[in-house]
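A, B, ... follow the sequence lines: proteins, then strands. Residue 1 opens every chain. Note that the structure is predicted; figures quoted are calculated from it, not measured.
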Amino acid sequence: MKPPKPISPFRLSSLLRLQKDPTLALQLFRSPNPNFNPKKPLRYSLLSYDLIISKLGRAKMFDEMEQILHQLKQETRFSPGEIIFCNVISFYGRAKLPDRAIQTFESITGYRCKRTVKSANSLLNALLRCGEFEKVRETFLGIYKDGTPDACTYNILIHACCRIGSLDDAWNVFDEMKRRGVLPNAVTFGTLMYQLCMNLRLKEAFKLKEDMLGVYGVKPNAYVYTSLIRGLCGIDELSSAFRLKEEMVRNELKLDSVVYSSLISALFKAGRKEEAFGILDEMKELGCKPDTVTYNTMINGFCKEKDFEAAFRILDEMVEKGCKPDVISYNVIIGGLCKEGKWIEAKDLLEDLPRRGCAPDVVSYRTLFDGLCHWKQFKEAAFILEEMIFKGFAPRSASITKLVDGLFQECNLELPLTVLDSLGKGNLVDVDTWRIMVLMACKKEKLSNSSKVVDTLVIT
DNA sequence: ATAGGGTTAG
């Protein structure tokens, strides 16, 4: 048998690109040639660094990602491009780790890489995602160290103003942008339009639509239309919303699944579900594939109508069409079932998720837990509670109060101890839980039992 | 993968 040749740097990059599993990709990166002489280490290409860092960042494997970054720092053969750091900063933003985003930003020059407004923009956006508005301000004030703010910078600031709910501030930034000679683009108008439509300020929104083309020469795109369509649906102007959809066609804008999902959602809310199917057919005819959100919208519609059979049919259709249901698809159904008192079905569905290839999330558990408490299925609730805490998901504290309250009303003094035990394991015993436990126990005047509660509380 | 739009729970 011929001995295999060692992997070349080029080959490593292709293999990394193909490897979907971040852990296996990391293993491959760390020892690409396990059977060869380690004295001749592989000379990693910049591309392979880029690939592994992005994979680890997307998978939130930040310690491993930092190790690779450290290794990259030692390389003297090349200087990494700024884009790598932009990506890392946005991974930290998505993971709600603002301090790490800032650290990364500050470390860039240590990699022999020039810092520009691009990484500053990445940082601004990461801080915005983390809700760190004061730090957004500080970063913006310091941006001139790296260059001058561009359209992207101002767009992020406008978005930040919208997020804190101040359209006035957003307009101020818009004016400032123009004063500085930076041209607003489609994203600028898309962001402003979104906020106007969210607040149902449709008159101003349509004025902005006129101005963006007439005054600024920017053509309204699908983002702008989607906001307007949703705004119109929000004030029950469905026919106007559909007229806008036709206008998109006339303006040769591609109708995408986002536009269609909005319309389908509106049709269901207006009790016109038959037409929703017509829209679904139209999508298919125009070659616009319904995606997970489109199907989720329909599932939600059917659940609101208590038509769970139809909801499950959509779920089957998704699987058939190769569109994978996500955790939201299931959470919607679990929530709908709980609301109707069908908690057995809800529980069965949750327990079936792993088999269906979907990991339940904190919403799945909270929904079922709240549903069980609402229907006074306390034993089941306590069981789910233990499971969710074991998985690291915290219940809402109001739900716990409701559960314990309900148990005492049923004179069940044993189960609260089990609940307390579960909460203790998750370090979730807060002051409210304390209060209600002692209060309820004392109310029942079962002093022996109340002292037992206190004992358990002291231990936890 | 420097910036904006659609579905759930609260």
Side-chain angles (χ1 to χ4, degrees), chain A residues 50-51 53-55 57-58 81-91 93-94 101 105 115-126 128-129 143 146-147 149-160 162-163 170 184-195 197-198 220-231 233 255-266 268-269 290-301 303-304 314 325-336 338-339 361-371 395-399:
Chain A
D50 193 349
L51 287 166
I53 288 168
S54 298
K55 271 193 207 306
R58 258 194 301 269
E82 190 182 15
I83 183 71
I84 293 187
F85 303 102
C86 292
N87 291 337
V88 171
I89 290 168
S90 80
F91 291 139
R94 254 178 262 169
F105 177 72
R115 212 167 70 179
T116 75
V117 72
K118 285 188 184 175
S119 48
N121 288 342
S122 298
L123 180 60
L124 280 174
N125 200 45
L128 167 59
R129 292 183 82 136
I143 207 167
D146 302 304
D150 60 9
C152 180
T153 314
Y154 287 109
N155 288 342
I156 296 165
L157 293 183
I158 289 172
H159 191 196
C162 293
R163 277 278 303 277
N185 59 22
V187 178
T188 318
F189 292 107
T191 309
L192 289 165
M193 190 64 84
Y194 177 77
Q195 197 59 26
C197 294
M198 276 284 284
N221 63 11
Y223 283 78
V224 168
Y225 275 99
T226 306
S227 292
L228 284 166
I229 286 172
R230 285 192 73 222
C233 293
L255 294 173
D256 57 21
S257 64
V258 181
V259 173
Y260 280 114
S261 300
S262 307
L263 289 169
I264 290 172
S265 174
F268 267 98
K269 278 179 186 140
D291 60 13
T292 302
V293 178
T294 316
Y295 285 117
N296 285 353
T297 306
M298 312 228 3
I299 291 175
N300 184 45
C303 286
K304 287 267 148 61
I314 300 286
D326 64 4
V327 72
I328 294 184
S329 323
Y330 296 111
N331 287 352
V332 169
I333 302 182
I334 291 171
C338 283
K339 211 166 175 189
D361 68 359
V362 63
V363 177
S364 325
Y365 277 103
R366 284 182 178 179
T367 306
L368 179 61
F369 180 69
D370 288 359
R396 295 187 304 120
S397 92
S399 309

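- When heavy atoms are screened at a 4.0 angstrom cut-off, A:Ala186 is found touching base atoms of the nucleic acid.
- Between the A:Arg115 side chain and the A:Phe105 main chain, a donor and an acceptor come within less than 3.5 Å of each other.
- Judged by distance alone, the side chain of A:Asp256 and the main-chain N or O of A:Val259 form a donor-acceptor pair under 3.5 Å.
- Across B:dG6, B:dG4, B:dA1, the shortest atom-to-atom separation from the side chain of A:Thr294 is found for B:dG6.
- Looking at the side chain of A:Asn155, the nearest of the listed nucleotides B:dG6, B:dG5, B:dA3 is B:dA3.
- Evaluation of the side-chain contact (heavy atoms from CB on, under 4.5 Å) rule for A:Tyr223 yields A:Asn221 as partners, not counting sequence neighbours.
- Among B:dG4, B:dA9, B:dG6, the nucleotide with an atom closest to any side-chain atom of A:Val258 is B:dG6.
- Contact annotation for A:Asp50: no contact, since no heavy-atom pair falls under 4.0 Å across all strands.
- Within the nucleic acid shown, A:Ser261 comes within 4.0 Å of at least one base atom, counting heavy atoms only.
- Across all strands, A:Ser90 comes closer than 4.0 Å to no nucleic acid atom at all (heavy-atom distances).
- Across all strands, A:Ile156 comes closer than 4.0 Å only to sugar-phosphate atoms, never to a base (heavy-atom distances).
- Side chain of A:Tyr194, nearest nucleotide from B:dT7, B:dG4, B:dG5: B:dG5.
- Taking atom CG of A:Asn121 as the reference point, atom P of B:dG4 lies 11 Å away to the nearest angstrom.
- The phosphate of B:dG4 (OP1 or OP2) has no side-chain N or O of A:Arg230 nearer than 4.0 angstrom.
- Straight-line distance from the CZ atom of A:Arg129 to the C1' atom of B:dA1: 12 Å, rounded to whole Å.
- Among residues two or more places apart in sequence or in another chain, the side-chain contact (heavy atoms from CB on, under 4.5 Å) test is passed with A:Val327 by A:Asn331, A:Cys358, A:Asp361, A:Ser364.
- If you check every strand for non-hydrogen atoms under 4.0 Å, A:Asp256 touches a base.
- Listed nucleotides: B:dA1, B:dG4, B:dT7. Nearest to the side chain of A:Arg58: B:dA1.
- Minimum atom distance to the side chain of A:Val363 is reached by B:dT8, of the listed B:dG5, B:dT8, B:dG10.
- Of the candidates B:dA1, B:dT7, B:dG5, B:dT7 carries the atom nearest the A:Ser265 side chain, counting heavy atoms from C-beta on.
- When heavy atoms are screened at a 4.0 angstrom cut-off, A:Ala120 is found touching no nucleic acid atom at all.
- When heavy atoms are screened at a 4.0 angstrom cut-off, A:Val362 is found touching no nucleic acid atom at all.
- With distances taken from any side-chain atom of A:Asn300 to the nucleotides B:dT7, B:dA1, B:dA9, the minimum falls on B:dT7.
- A donor-acceptor pair under 3.5 Å links the side-chain atoms of A:Ser261 to the main chain of A:Ser257, judged by distance alone.
- Which of B:dG5, B:dA3, B:dG6 sits closest to the side chain of A:Asn185 comes down to B:dA3.
- In terms of phosphate contacts, A:Arg94 brings a side-chain nitrogen or oxygen within less than 4.0 Å of OP1 or OP2 of B:dA1.
- Nucleotide B:dA1 holds its C1' atom 4 Å from the CG atom of A:Asn87, rounded to whole Å.
- A:Ile314 places its CD1 atom 17 Å from the P atom of B:dT7, with the value rounded to the nearest Å.
- Within the 4.0 angstrom heavy-atom criterion, only backbone atoms of the sugar-phosphate kind lie near A:Thr191; the bases stay farther away.
- In the set B:dG5, B:dG6, B:dA3, B:dG6 carries the atom at the smallest distance from any side-chain atom of A:Ser262.
- Rounding to the nearest 0.5 Å places CD1 of A:Ile299 at 10.0 Å from CZ of A:Phe268.
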